[in-house]
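Step one of this worksheet: look at the structure below.
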There are 2 protein chains.
Amino acid sequence: MRVVVPFDERRPKTRLSPVLEESERAAFARAMLGDVLAAVGAAAGRADTPTVDTVTLLSTASLPPPTTLVETDDDDGEVTATVPTEVVVDERPLTPAVNDVLAAPEEAGAWTPVAVVMADLALATPAAVAGLLRDGAEVSGRRPVTLVPGRGGGTNALLARHPEFRVDYHGLSFRDHRQRVRAADAALRRVDSYRLSTDVDEPADLPEVLLHGGARSRAWLRRAGFRLRVQEGRVEAVRE
Amino acid sequence: MRVVVPFDERRPKTRLSPVLEESERAAFARAMLGDVLAAVGAAAGRADTPTVDTVTLLSTASLPPPTTLVETDDDDGEVTATVPTEVVVDERPLTPAVNDVLAAPEEAGAWTPVAVVMADLALATPAAVAGLLRDGAEVSGRRPVTLVPGRGGGTNALLARHPEFRVDYHGLSFRDHRQRVRAADAALRRVDSYRLSTDVDEPADLPEVLLHGGARSRAWLRRAGFRLRVQEGRVEAVRE
């Protein structure tokens, strides 16, 4: 199995611009990426996870080695050593870059399943990612594709165990991906995970990070001055 | 095990007032309640679920029998027959009403575990509810309390297997409930479910119902004219 984490450094988290400057958005996006890579690395290292051959950080620009990104001064880190992690730079948009991975045969010439996990799933834990990687029993003899919806109609993660499935990322991608699974005569599976379905795009998502997020993302927000405040029954992340 | 679904008819879903009139909010709230009761009933009837003695609809006002609420003209309904469902009217606020259930011994005099599932979890499925009801292995010999966070800091569902746990519902209740579990020397468990963590409070939640919601809630929104629309990369539920 291969796991791919796509990451776009060029226009990071533009919908957070009401509360974060551009350089802050880039730093926060890297903190979230660090949490996702740590969760993927730990999930891949679990005994009850299928063998992960490669974790690929698919980036639009060159990045420091992932071991730097997941470095941390608390007890959560140092987990990526369990699987090879490579950085592949691909400047194209998300959809063709991911589809090339889905189409490419492995070195040995045989197609292997591919998981795609978005880089802004700041609530991801090893257990949540492992739940995705373990998923995928055949249904009535058909190879499955497992989809994890994102809040707002997107597709936050998937596991393609069928070689003909291709992605088309956009606002309402989940609905289209569902149709594509059926069109490929694959079996549609879903993983029900709040942690994987919560992507961080806009200010209203920041309370989730402060309450349930990974160590790097949460620490970054707190260092930047964000705190929880209850206003008229609603929780907001405000900057002090 | 007892399962309680609290429901407040008095000020239903006030934060939906930008898009729904008061009578519409009441009708939509009942549609969501129907989906929740159907999911709870089906979960309770599964062979791999612990025995559910009673499903209690804890309402601030008298309601038609739950079998009416879950009545439907599609293939999803007719699931509540598997467990007794009673309606208990309690006009008090949510917190004392639920705490009385948590404190009350069963008829036989022995305390039994209590699950509390909010009435606005329109994405709840039998599998998601069953995941909660099945949870609760002891941790290091301590009885557990399982919490399911709601988006925005709330507590959407819980399963108290420890007799001393009490609730305090408010905006940031999840954090307080976490502390109360520890204070009771109970073991803290969480269930990671997008379906149970998505409560429906405001217009931004409606796309989730249209995309992933139960049959009654989704049908109600569609009959009221709501459709999905993508605007500048964001998905909205707009009324046609």
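Chain letters run A, B, ... following the sequence lines, proteins first, then strands; residues in each count from 1.
- At a heavy-atom separation below 4.5 angstrom, chain B is approached by Arg15(A) within residues 14-26 of chain A.
- Contacts with chain A were tallied for Leu211(B), Thr198(B), Val191(B), Leu210(B); Leu211(B) has the most, counting heavy-atom pairs under 4.5 Å.
- In this structure, Asp192(B) contributes its side chain and Tyr194(A) its backbone to a donor-acceptor pair below 3.5 Å.
- In Arg46(B), the CZ atom is crowded: over 12 heavy atoms of neighbouring residues, nucleotides or ligands sit closer than 6.0 Å.
- Heavy atoms from other residues, nucleotides or ligands lying under 6.0 Å from CZ of Arg222(B) number 12 at most.
- Within 6.0 Å of CD in Glu91(B) there are 12 or fewer heavy atoms belonging to other residues, nucleotides or ligands.
- Considering OG of Ser197(B) and CZ of Arg195(A), their distance stands at 9.0 Å, rounded to 0.5 Å.
- Both the backbone and the side chain of Ala204(A) come within less than 4.5 Å of a heavy atom of chain B.
- The neighbour count for Arg11(B) CZ, taken as heavy atoms of other residues, nucleotides or ligands under 6.0 Å away, does not exceed 12.
- Of all residues in residues 116-135 of chain A, those placing a non-hydrogen atom less than 4.5 angstrom from a non-hydrogen atom of chain B are Ala128(A).
- At a heavy-atom cut-off of under 4.5 Å, chain A is reached by Pro149(B), Gly150(B), Arg151(B), Gly152(B), Gly153(B) from residues 141-155 of chain B, listed in order of number.
- Using a 4.5 Å cut-off between heavy atoms, Glu202(B) touches chain A through its side chain atoms alone.
- When the heavy atoms of residues 165-179 of chain A are compared with those of chain B, the residues falling under 4.5 Å are Gly171(A), Leu172(A), Phe174(A), Arg175(A), Arg178(A), listed by number.
- The environment of CZ in Arg229(B) is sparse: at most 12 heavy-atom neighbours from other residues, nucleotides or ligands sit within 6.0 Å.
- With a 4.5 Å cut-off on non-hydrogen atoms, Asp205(B) touches chain A through its backbone and its side chain both.
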